[in-house]
2 protein chains.
Amino acid sequence: MAVQTRMTKQRKVILEELCKVTTHPTADEVYDMVRQRLPRISLGTVYRNLDVLAESGDVLKLEHAGSQKRFDGNTNPHAHVRCSICGKVGDVMNVEYIASSQGAVAPGFTIHAAYVEFEGVCDDCQTHN
Amino acid sequence: MAVQTRMTKQRKVILEELCKVTTHPTADEVYDMVRQRLPRISLGTVYRNLDVLAESGDVLKLEHAGSQKRFDGNTNPHAHVRCSICGKVGDVMNVEYIASSQGAVAPGFTIHAAYVEFEGVCDDCQTHN
DNA sequence: CTATCTGCAAATAATTTGCATGTAC
DNA sequence: GTACATGCAAATTATTTGCAGATAG
């Protein structure tokens, strides 16, 4: 396995595009964004690089947002809200209460991280439905 | 589409087996459990019934627990903790702080529900690693 | 009876992987 | 130069679906 990592053109563009947006795109959507600058990039490369970038902590892999994984260029800890109708994912602002999760008790587990995801309806779906 | 629902032998056994355990099994694990009582049941039937039961509120579908969905016979609202090593899912006991999520603000969304999932290491993995 | 459900097998969707070639360092 | 990365296509994994026969109510 790789013991070192290289900043290839593909990896750089993926990271740049992901940091540009706050839409928490799926791998597929990242592929579409990146393809505008690198038309010959493959979806496999996008998946591989998103994993490498998540591993190195440069992006966040949201494994908790529906059936497809989503990616976030904002690596500060923050909570998400997902639209139950269209699947869109947004940011939740005042998450200071997450701190209170320190008191959580889970018999048989040692807790290392807390993921909080809200579900709701986005304004667009509210209007169109 | 179905406008009515029937309590078939398969559906009954799936619900019974799911309520017996607190292990939050995947569809595949439910299939294994149920097959001991109904050897000719198919995996497709298990998926279909888990969806019907989730729809009717008799079981909980945990879409936030890793890449595979997991199912929970305990429909009381409670939070979960997932082992980052083996993927096992447990219950978190004192989740009263979830109430404080009422104060959450998400621009562009109307929040309807909160999912909290913790990540950690279970005692087994702690010992074996 | 008949609408719903089942088993089976094939289809789909998301993601991962093998391999020959390309490239960062 | 060489270990890591890429593009492509095929493989895998989880889940869903079409259909003909079975069954709950």
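This one's a predicted model, so the numbers in the text were calculated from it and none came from an experiment. Residue numbers start from 1 in every chain, and the chains themselves are labelled A, B, ... in the order their sequence lines are given, proteins ahead of strands.
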* Close side-chain approach of A:Phe71 and A:Lys61, heavy atoms under 4.5 Å -> yes

* Find out whether A:Arg70 and A:Pro25 are in side-chain contact, i.e. whether some heavy atom of one side chain is under 4.5 Å from a heavy atom of the other. => no

Counting only side-chain heavy atoms from C-beta out, which of [options] sits nearest to [X]?
| X | options | value |
| --- | --- | --- |
| A:Ser42 | D:dC8, C:dG7, D:dA5 | D:dC8 |
| A:Arg6 | C:dC5, C:dC8, C:dG22 | C:dG22 |
| A:Thr8 | C:dT4, C:dT15, D:dT6 | D:dT6 |
| A:Lys69 | D:dC4, D:dA24, C:dT16 | C:dT16 |
| A:Gln68 | C:dT15, C:dC8, C:dA24 | C:dT15 |

* Structure fact -> Taking for B:Ala27 and for B:Lys9 the nucleotide of DNA chain D with the nearest heavy atom, the one nearer the 5' end belongs to B:Ala27

* Neighbours of DNA chain D within residues 44-55 of chain A, by heavy-atom distance under 4.0 Å -> A:Thr45, A:Arg48, A:Asn49

* Asked: Got a sec? Which of residues 28-40 of chain B come in under 4.0 Å of DNA chain C, heavy atoms?
  -> B:Arg40

Do [X] and [Y] share a hydrophobic cluster (ILVMFWY, side-chain heavy atoms under 4.5 Å, transitive)?
| X | Y | answer |
| --- | --- | --- |
| A:Val30 | A:Val13 | yes |
| A:Val34 | A:Tyr47 | yes |
| A:Val46 | A:Leu38 | yes |

* Look at B:Asp51 together with B:Arg48 and state whether they make a salt bridge at an N to O cut-off of under 4.0 Å. => no

* To do: Indicate, with a heavy-atom threshold strictly under 4.0 Å, whether A:Ile41 touches base, sugar-phosphate, or nothing.
  => sugar-phosphate

* Would you classify B:Thr5 as touching base, sugar-phosphate or nothing, given that sugar-phosphate means primed atoms plus P, OP1 and OP2, and contacts are heavy atoms under 4.0 Å? => sugar-phosphate

* **Short side-chain N/O contact to D:dA14 OP1/OP2 from B:Thr26, under 4.0 Å** => no

* Asked: Would one find a side-chain N or O of A:Gln10 under 4.0 angstrom from OP1 or OP2 of D:dG7?
  -> yes

Could you check how far [atom1] of [X] sits from [atom2] of [N], rounded to whole Å?
| X | N | atom1 | atom2 | value |
| --- | --- | --- | --- | --- |
| A:Leu43 | C:dG18 | CG | P | 17 Å |
| A:Ile14 | D:dG7 | CD1 | C1' | 13 Å |
| B:Met7 | C:dT6 | CE | C1' | 15 Å |

* Who passes salt bridge (charged side-chain N to carboxylate O under 4.0 Å, His left out) against B:Arg37, sequence neighbours left out? -> B:Glu16, B:Glu17

* Distance-only donor-acceptor check, side chains B:Arg11 and B:Thr5, under 3.5 Å -> yes

* Quick one: do the B:Thr26 and B:Asp28 side chains pair a donor with an acceptor below 3.5 Å? -> no

